[in-house]
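Each chain gets a letter, A, B and so on, in the order the sequences are listed, and its residues count up from 1.
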Protein chains: 2
Amino acid sequence: MANGAAAVRGGGSGGRRARATLRDVAEAAGTSRSTASRALGGHGYVADHIKERVEAAAERLGYVPDVSARTLKGRSSGLVGVLVSDLRNQFYAELAAGVEHALSAAGYQMVLVDDHADEERAAAGARAFLAMRADGVLLTPVARGATETLVGHGVPVTELDRRSGVRGCDAVAIDNERGARLAVEHLIGLGHRDVGIVVDEVQWDTGRNRLKGYRSALRDAGLPVPRRHVLDLSQGEGDQAAQLAAFLDGNPALTAVFAANNVMAELVWQELKRRGSAVPEGCSVVSFDDLAWMKMVEPGLSAVRQPVFDLGGRAAELLLDRVGRDGAGRAESVVLQPELVLRGSTAPPKN
Amino acid sequence: MANGAAAVRGGGSGGRRARATLRDVAEAAGTSRSTASRALGGHGYVADHIKERVEAAAERLGYVPDVSARTLKGRSSGLVGVLVSDLRNQFYAELAAGVEHALSAAGYQMVLVDDHADEERAAAGARAFLAMRADGVLLTPVARGATETLVGHGVPVTELDRRSGVRGCDAVAIDNERGARLAVEHLIGLGHRDVGIVVDEVQWDTGRNRLKGYRSALRDAGLPVPRRHVLDLSQGEGDQAAQLAAFLDGNPALTAVFAANNVMAELVWQELKRRGSAVPEGCSVVSFDDLAWMKMVEPGLSAVRQPVFDLGGRAAELLLDRVGRDGAGRAESVVLQPELVLRGSTAPPKN
DNA sequence: CTGTTAGCGCGTTCAT
DNA sequence: ATGAACGCGCTAACAG
């Protein structure tokens, strides 16, 4: 008796049915495996009636080609790794949404890892992407490590929102310095001379450039830029609200505050509300990054709007371009422009 | 001359270096492939000094095991598919974050697909998960299709937040009926008799049960439940704000509105603000789902808080349990309890 | 303790 | 137009 088609293969007791394989389909259609492969893949010559028979058999058996086998054969895995710093932060969530949208439109799958801005976890994510033979990787870098590993192994990488400085990878980011300038110049234009800034990271170019834009806007206007007007919470082990409170108490002359990202904006907003400061009468506020809540509070929060969803989409497209070229070509760098949205939280200083 | 180890393999011109394979490692360490495999995998017997030599070689060559090969061999892919309806909605983003957290703690990778609540896209996602041999799938069902496909192929499935009704899959959800009751009973307790509800879907059990909870709370209090107090936006092709405006105009007796989810809460909040209605004096408002902005607006929005992050985490754990048992065991169903958070948006009716 | 062998599912030669 | 044979990288048998 020949090795019957009906032989139970991989008969685990888990209740999980063995998946139909190309061989099953071929046998059901009465052809060889290679013919079945051509019929389903659409390559090479296959007689029409055979093709139909194979397709019918595949449908009937619920055949789904095995990507791992195909990947092993040297073809693409169809997987793109994405590494973000904090999925609970709406900024990153929307970034991921933009990425996913572009990837899935191109037939790719997104493997999403949240590294919580931790270098160790980012490195683990990079290794995982390597192991699964991801066709490319998108990431908001925490440090150089992950990008270096990936680029070193020849995996196309595009950095989002900030750059690690590693050569050989594409990047898509916002013009952070200009965005900060827009915000601060607006305040200066209203007559503010004492403007504070609240930042929670200056280790990456994102925060650093926002700080830079803040400083140069003031300097260009001939205004002083005292260090004590800068609240840097990046070391912040302690209570951020308390540090902010101390900052405000120590700078009674401030008539406006620039929050360098949405998290800081939330912090500032809550603290001003807590202490009963009138906005904008007592203190004007501008945020970098415009979230939905900023138009719902009273007064609405003026903000530097970033095209976050598009940022993710553009980055994905840039990456897939490179993947399509098998990694060849010079590293590209795209800078998107932010836009200032004026609402009620900014007004001329009172005195 | 034997087939040299130094032969160039897969030499594409893309500038991408060939990855080190287990064979390369074995040759560099002067052993066979299986010994190298055992040394790195930690199974079976390997002499200590050999093991060290293999590990050193692997490190030196930057060896990363190929998951597709391992998967093909019948082992787990380490991939879990996750299908959500709208990644831009903070609810789903936080759900995904909770899932990711639990998965990555267990060494799994999350393949995230946003189906935009579209049945077609969900089906495509399910097929992709099948093709990549995902070890399990988590999803917020849009219809029965995707779950049926997956379960039919023996893939462990856990549904989140709502259920499709397909047998054989686990589920983790919120007690939506009870959450809605909490909200509406609170309003009734304050003295409201004319309470409206705004819903944007009743096709899933989530919205249906919230509506049910709303109705039964009123009924149990001996209050009437007129149809015109229910605004169902689920067919909503038109302008939702306009429909809401018409609803409010047509129900001048309403003293309170229950928004069945965070999107509806935003809509209601904006519309009340637009028309200058005082909250809570003119109209009390409660939301199902508590987002960050709800505590930042003035007055703060009373809301039914759901443990969204935990919901995702619990679902992931439930799924991984089943994956660990190779799919065996009865389908489990977990129901998490919501909690009413009182803020300033609810007060006794004016008259 | 180690090496040899076989095969996971697929695509791609090469002969028919 | 079709089928037989090989190998992608890895691991689980089995010898030695």
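Rounded to whole Å, atom P of C/dC1 lies 12 Å from atom NZ of B/K51. C/dG9 atom C1' lies 8 Å from atom CZ of B/R133, rounded to whole Å. B/Y45 places its OH atom 13 Å from the C1' atom of C/dT2, with the value rounded to the nearest Å. The separation between B/M132 atom CE and C/dC8 atom C1' is 19 Å, rounded to whole Å. Separating the CG atom of A/L130 from the C1' atom of D/dG9 is a distance of 15 Å, rounded to the nearest angstrom. Distance A/I50 CD1 to D/dG3 C1': 12 Å, rounded to the nearest Å. Taking atom CG on B/L72 and atom P on C/dG7, their separation rounds to 14 Å, with Å as the unit.
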Between N or O atoms, less than 3.5 Å apart, protein on one side and nucleotides 12-16 of chain D on the other: list the pairs.
{"from": "D/dA12", "atom 1": "OP1", "to": "B/R75", "atom 2": "NH1", "distance (Å)": "3.3"}

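With sequence neighbours excluded, no residue forms a salt bridge (charged side-chain N to carboxylate O under 4.0 Å, His left out) with A/D115. Looking at residues two or more places apart in sequence or on another chain, you find a side chain to side chain donor-acceptor pair (under 3.5 Å) between B/R133 and A/D66. Looking at residues two or more places apart in sequence or on another chain, you find a salt bridge (charged side-chain N to carboxylate O under 4.0 Å, His left out) between B/E148 and B/R144. Taking the salt bridge (charged side-chain N to carboxylate O under 4.0 Å, His left out) definition, one finds that A/E94 meets it with B/R88, sequence neighbours left out.
Residue whose closest nucleotide on DNA chain C sits further toward the 5' end, between B/A47 and A/A69: B/A47. The residue among B/T31 and A/V64 whose nearest nucleotide of DNA chain C is located toward the 5' end is B/T31.
Judged purely by atom type and a 3.5 angstrom limit, B/R322 uses its side chain to pair as donor or acceptor with the backbone of B/G327.
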Taking distance alone, no hydrogens or angles, what donor-acceptor pairs closer than 3.5 Å link side-chain atoms of residues 309-320 of chain B to residues at least two apart or in another chain?
none

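Closest to the B/R33 side chain, of the nucleotides D/dG9, C/dT5, C/dG11, is C/dT5.
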